[in-house]
Peer 1: 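After the structure tokens below, expect a handful of questions from me.
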Number of protein chains: 2
Amino acid sequence: MDDDPATEILEATYRALCQHGYADLTIKDIADEADRSKATVHYYYDSKQNLFTEFLDFLYERHTEQLATIEGDTPRERLGALFELVLTDEQANPGQEFRTAMLEVKAQAPYDDAIQTRLTWFDEFLFERIRDITAAGVESGAFDEDVDPAVAADFLVTTITGAHTRRVAVDYSAERLYETITRYAEDHLVADEPTEATH
Amino acid sequence: MDDDPATEILEATYRALCQHGYADLTIKDIADEADRSKATVHYYYDSKQNLFTEFLDFLYERHTEQLATIEGDTPRERLGALFELVLTDEQANPGQEFRTAMLEVKAQAPYDDAIQTRLTWFDEFLFERIRDITAAGVESGAFDEDVDPAVAADFLVTTITGAHTRRVAVDYSAERLYETITRYAEDHLVADEPTEATH
DNA sequence: GGCTTTTGTCTAACTGGTTAGTAAGTTACC
DNA sequence: GGTAACTTACTAACCAGTTAGACAAAAGCC
């Protein structure tokens with residue numbers, strides 16, 4: 001927590017973002033959260049856009065670190081742990097407020113190349129992670145042999161994205177979405193023979 | 001096109017929304033698009049929030065009319081037509097600008113009950129439409145008998161929502177998402193026996 | 001028909017509030 | 001004394017909503 005002021009401002013940005021949402025996020029909100037003046041924020045970051053771009057880099061680092069911690073002896077376990085992390089984890093993602101703000105940011109992507117570039121990183125990172133786990137599962141025989149890891153990963157990223165959106169837009173239960181996706185994976189990825197025991 | 005001024009303003013709102021996005025949408029933008037003054041907009045709609053709520057009602061009506069036109073002799077054809085309408089139809093949905101604006105609106109749902117209520121209508125309408133088609137397919141034997149229509153519809157709505165979000169946030173190809181979802185439906189909904197012919 | 005009054009539609013100009021960013025100066029440490 | 005870190009006070013721009021009134025058509029009245 002004994003960061004340099006620049007990092008402290010990024011952490012304050014996170015808290016301010018959760019409290020006010022992206023649309024209503026002002027430099028003053030961030031400054032207040034960082035216990036500094038508005039001008040100090042501008043001292044470290046030239047513009048609001050500049051600050052936010054660096055904030056997304058900061059988030060990306062945190063997010064990839066989190067996804068890297070995923071463990072499990074089998075691909076199936078690792079995939080389950082990943083779903084849990086991105087769909088239900090409440091301690092890692094302080095919840096609805098942050099997800100809402102991230103959806104606001106996603107909607108701003110077409111207006112801001114720097115944002116779109118970074119959101120694409122997030123998307124691709126998740127895709128690659130799922131594709132690799134799926135490929136390992138296919139190779140080990142745990143997953144159905146005619147599953148194409150890239151196609152399955154693409155589909156799952158889309159569904160996870162949809163779960164995030166629905167959770168915000170129509171206040172849909174995160175748990176229920178988690179269960180539906182897990183069920184899909186169990187039913188359609190896991191190979192037939194070894195799974196019969198599960199039923 | 002010879003509507004009353006109130007409706008003309010709603011149509012102007014649609015055009016202004018596509019041009020400026022939701023975040024940057026001002027009463028002036030709408031007024032300019034309607035070739036009227038700012039005060040005239042306020043003459044017909046008390047507040048911006050009021051105008052936008054009525055605009056969403058206007059959109060809902062248009063959207064449900066569109067979804068009602070879906071035809072097809074078999075449930076499979078109807079589901080295919082629905083995917084095409086909600087995922088690729090470019091003449092019905094003037095494209096990226098509008099989808100982007102709608103994602104911005106979705107992100108505002110948690111801050112505005114009137115918006116959330118209406119987005120839930122959209123979500124539920126699509127869900128029910130897919131569930132009914134799926135149920136008809138299961139009943140006729142065209143779809144796998146152990147498909148639960150409600151579960152499948154829920155999953156598909158989530159995936160469609162994800163496709164919309166990814167298209168905006170990471171500029172993902174709509175066509176590719178359409179193909180992935182169609183493939184899922186063909187592989188996992190359609191009953192085994194009658195489908196062998198397709199492969 | 002001619003006259004006034006009312007009503008519906010609309011506008012220019014203004015108000016009050018907000019915001020990103022800046023300029024100039026202060027404090028604190030080396 | 002110089003520099004890094006920081007603040008107060010400001011500017012310029014923007015926006016939702018209001019006000020006061022223009023203009024025309026319709027309605028009521030003689």
Side-chain angles (χ1 to χ4, degrees), chain A residues 1-58 100-101 104-105 107-109 111-115, chain B residues 1-58 100-101 104-105 107-109 111-115:
Chain A
M1 290 288 157
D2 244 4
D3 299 313
D4 60 318
T7 308
E8 263 177 38
I9 289 170
L10 294 180
E11 280 159 0
T13 303
Y14 181 87
R15 295 191 300 273
L17 187 63
C18 290
Q19 273 179 45
H20 303 272
Y22 180 77
D24 285 339
L25 184 68
T26 66
I27 299 281
K28 187 184 182 300
D29 295 332
I30 296 169
D32 286 353
E33 199 65 48
D35 275 318
R36 280 174 169 85
S37 77
K38 223 158 56 92
T40 301
V41 175
H42 278 291
Y43 178 75
Y44 288 100
Y45 300 95
D46 286 348
S47 65
K48 195 183 176 183
Q49 148 135 13
N50 182 290
L51 163 60
F52 203 76
T53 302
E54 295 213 28
F55 173 69
L56 285 181
D57 290 341
F58 167 79
T100 301
E104 293 184 75
V105 174
Q108 292 306 309
Y111 308 115
D112 187 328
D113 280 347
I115 288 181
Chain B
M1 290 287 157
D2 245 1
D3 300 311
D4 59 319
T7 309
E8 263 177 39
I9 288 170
L10 293 181
E11 279 159 3
T13 302
Y14 182 87
R15 296 191 299 274
L17 187 64
C18 291
Q19 272 179 45
H20 303 273
Y22 180 78
D24 285 338
L25 184 68
T26 67
I27 298 281
K28 188 184 180 303
D29 296 331
I30 297 168
D32 286 353
E33 199 65 48
D35 275 318
R36 281 178 169 86
S37 79
K38 224 157 57 89
T40 301
V41 176
H42 278 292
Y43 176 77
Y44 288 100
Y45 301 94
D46 287 348
S47 64
K48 194 183 177 184
Q49 148 136 12
N50 182 288
L51 162 60
F52 203 76
T53 302
E54 295 213 28
F55 174 69
L56 286 181
D57 289 341
F58 168 80
T100 301
E104 291 184 75
V105 175
Q108 292 307 309
Y111 308 114
D112 186 328
D113 280 346
I115 289 182

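Within every chain, numbering begins at 1; the chains are lettered A, B, ... in the order of the sequence lines, protein sequences first and strands thereafter. Below, each value reflects all heavy atoms present in this structure, side chains not excepted, and no hydrogens, waters or symmetry copies.
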Peer 1: CD1 of Ile30(A) to CD1 of Ile9(A): how many Å apart, nearest 0.5 Å?
Peer 2: 9.0 Å
Peer 1: Is it true that Asp29(A) and Thr26(A) share a donor-acceptor pair across their side chains at a distance under 3.5 Å?
Peer 2: yes
Peer 1: What residues, two or more places apart in sequence or in another chain, satisfy side-chain hydrogen bond (donor to acceptor under 3.5 Å, both in side chains) together with Asp57(A)?
Peer 2: Arg118(A)
Peer 1: When you list every nucleotide of DNA chain C with an atom under 4.0 Å from a heavy atom of chain B, which one comes first 5' to 3', and which comes last?
Peer 2: dG8(C) to dA12(C)
Peer 1: Using a 4.0 Å heavy-atom cut-off, does Leu25(A) contact any base of the nucleic acid, only the sugar-phosphate backbone, or nothing at all?
Peer 2: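 Counting heavy atoms under 4.0 Å across all strands, the contact made by Leu25(A) is with sugar-phosphate only.
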Peer 1: Within residues 41-51 of chain A, find the residues that approach DNA chain D with a heavy atom at under 4.0 Å, and present them sorted by residue number.
Peer 2: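 Contacting residues: Tyr43(A), Tyr44(A).
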Peer 1: Asp35(A) has an atom CG; how far is it from atom C1' of dA5(D), in whole Å?
Peer 2: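 Going from Asp35(A) (CG) to dA5(D) (C1'), I get 16 Å.
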Peer 1: Under 4.0 Å, heavy atoms only, any strand: does Thr40(A) hit a base, just the sugar-phosphate, or nothing?
Peer 2: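 It contacts base atoms.
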Peer 1: Could you check whether any side-chain heavy atom of Tyr45(A) comes within less than 4.5 Å of a side-chain heavy atom of Leu10(A), counting everything from C-beta outward?
Peer 2: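 Yes, at least one pair of side-chain atoms sits under 4.5 Å.
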Peer 1: Quick one: does Lys28(B) reach the base of dA16(D) with a side-chain donor-acceptor pair under 3.5 Å?
Peer 2: no
Peer 1: Applying side-chain hydrogen bond (donor to acceptor under 3.5 Å, both in side chains), name anything that partners Tyr111(A), two or more places apart in sequence or on another chain.
Peer 2: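 Residues passing side-chain hydrogen bond (donor to acceptor under 3.5 Å, both in side chains) with Tyr111(A): Glu104(B).
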Peer 1: What does Ser37(A) touch in the nucleic acid at a heavy-atom separation under 4.0 angstrom: a base, only the sugar-phosphate, or nothing?
Peer 2: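 The answer is base, as Ser37(A) lies within the cut-off (heavy atoms under 4.0 Å) of a base atom.
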Peer 1: With sequence neighbours excluded, tell me which residues meet ring-ring contact (aromatic ring centres under 6.0 Å, His included) with Tyr22(B).
Peer 2: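 Counting only residues at least two positions away or on another chain, Tyr22(B) forms a ring-ring contact (aromatic ring centres under 6.0 Å, His included) with Phe52(B).
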Peer 1: Calculate the interatomic distance between Ile27(A) atom CD1 and dT7(D) atom P; express it in whole Å.
Peer 2: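 From Ile27(A) CD1 to dT7(D) P: 14 Å.
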Peer 1: Output all residues satisfying salt bridge (Lys or Arg N to Asp or Glu O under 4.0 Å) with Lys48(B), sequence neighbours left out; order by chain, then residue number.
Peer 2: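 Per chain and number, Lys48(B) pairs via salt bridge (Lys or Arg N to Asp or Glu O under 4.0 Å) with no residue.
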Peer 1: In Å and rounded to the nearest 0.5 Å, what is the CZ to CG distance from Phe55(B) to Leu17(B)?
Peer 2: 5.0 Å
